[in-house]
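One-based numbering, in listed order, for ligands and for the atoms of each.
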Amino acid sequence: MDPLTAAGAVLAALHFAAPLAYYATAKRWLRLPWGVRRDPSYTPTVTVAMPMYNETGHIEEKLDDVYRQDYPRDRLEIIVVDSASTDGTAERTKRWAETHPDLHLKIIKEPERRGKAAALNKALAEARGEVFVITDADCRWPQRDALRRAASWLADPTVGAVTCLKTPARGGPAGVEAAYREHYNVLRLAESKKWATPVFHGELAAYRTELLRKIGGFPPDVGADDSHTAALIALDGRRAVAAEDLWCVEAVPQKGYHKWRVRRAQHLIQHFAKTPLRRAPPPMRPILAAEKYLHLANPWLLLAAALALTLSATPTALALLALGAALLALRPYRTWVALQFYLMAAAARNLWNKELIWEKQEK
Ligand code: GDD
Ligand code: MN
């Protein structure tokens, strides 16, 4: 066989084999027991931090949503951090607070916008809760006992952080977003059962406040603030888990979907590039090694394979390329290939713009 064709075929095989092998491993991990002693009656004091930048379209609904939580009011504090919004988000929050005096709500107003992590750190500095929860404006908690459920996991001292599983509010283009989520929820759960997942969700992430402070708060130089803090907590020896009974509904932008995916991929790449494997406790090592590889290296094998096959242009190479194109009719395959393009575009874009302060997308 032509060496370039052979190289292309091998690269393509490696590219697809890696995630399939990891998925098979994850399915095995899913059968593991949790090994977590939950306590549904555990109600630590909780601070819910809400970073807000120009969120008038969501703010009241979001506050109402959290207000509906059945968590004891005297053990709950809300901190809204507004970073110089220009649409009156802070004023709307203040008005909402006046009509809900039974909820401890504090508004921190930043004089200028310095990004989500900086805003969260302001809230962390003033937080009085034993548990620090972050949540985005545009997501909803469909479970009234979401905070109780999150807390029940933290009753076990080996657990340092808990996050939700996600379901998209709408499917995204051609159901891609929904397909992507199904696959990722399985990985998040499997990793959590094994030890810890290095991917957390800003829709609902709950951390032991003392641990957040110990790791230095939210990283200003990594866009995936939610995931990076969780990973650092896991490197520090506590488990960071996606809870099997905790669900969030996230808003998916209908306009600018691809841009949104690239930005989030940029943030994940920053996160995995900055999470050192050598510091991972043994059960965390295979998880982190796989995720680092899948996010940072594996996408490029697909590109290299496509290039090698195109350049060699032998009948076998062209047949393989045609097969690769024909398979795009299958949703899981199409979803996977799209993700590879988002990751490559994101890696390239990270070279000149890390998107640490990002443009708001209407959802
Ligand atoms: N205070 C403040 N200051 N809040 C901000 C800023 C800022 O500079 N930038 C964004 N936010 C707030 C938004 O108002 C929203 O409540 C939340 O942070 C998330 O921002 P979105 O614009 O909705 O971003 P997303 O949906 O793509 O965010 C997802 O990915 C991010 C990482 O890529 C979420 O999971 C985020 O939690 C995550 O950080
Ligand atoms: Mn969002």
The Mn ion (ligand 2) reached by Asp138 (N, O or S, under 2.8 Å): yes
Stacked cation flag Arg73 on Tyr67, 6.0 angstrom / 45 deg: yes
Short side-chain donor-acceptor distance under 3.5 Å, Asp221 and Gln270: no
Test item: side-chain donor near acceptor, Thr209 and Glu130, under 3.5 Å: no
Derivation of the side-chain contact (heavy atoms from CB on, under 4.5 Å) call for Tyr23 and Leu187: CA-CA 7 Å; Tyr23 197 69; Leu187 290 186; 3.9 Å; yes
Set of residues that line ligand 1, where lining means a heavy atom lies under 4.0 Å from it: Pro51, Met52, Tyr53, Glu55, Val81, Ser83, Arg113, Gly115, Lys116, Ala119, Asp136, Ala137, Asp138, Gly202, Glu203, Gly223, Asp225, Asp226, Trp260, Arg263, Arg264, His267, Trp358, Lys363
Between Thr135 and Lys62, a side-chain donor and acceptor under 3.5 Å: yes
Working for side-chain contact (heavy atoms from CB on, under 4.5 Å), residues Leu211 and Tyr207: CA-CA 7 Å; Leu211 291 181; Tyr207 310 84; over 6 Å; no
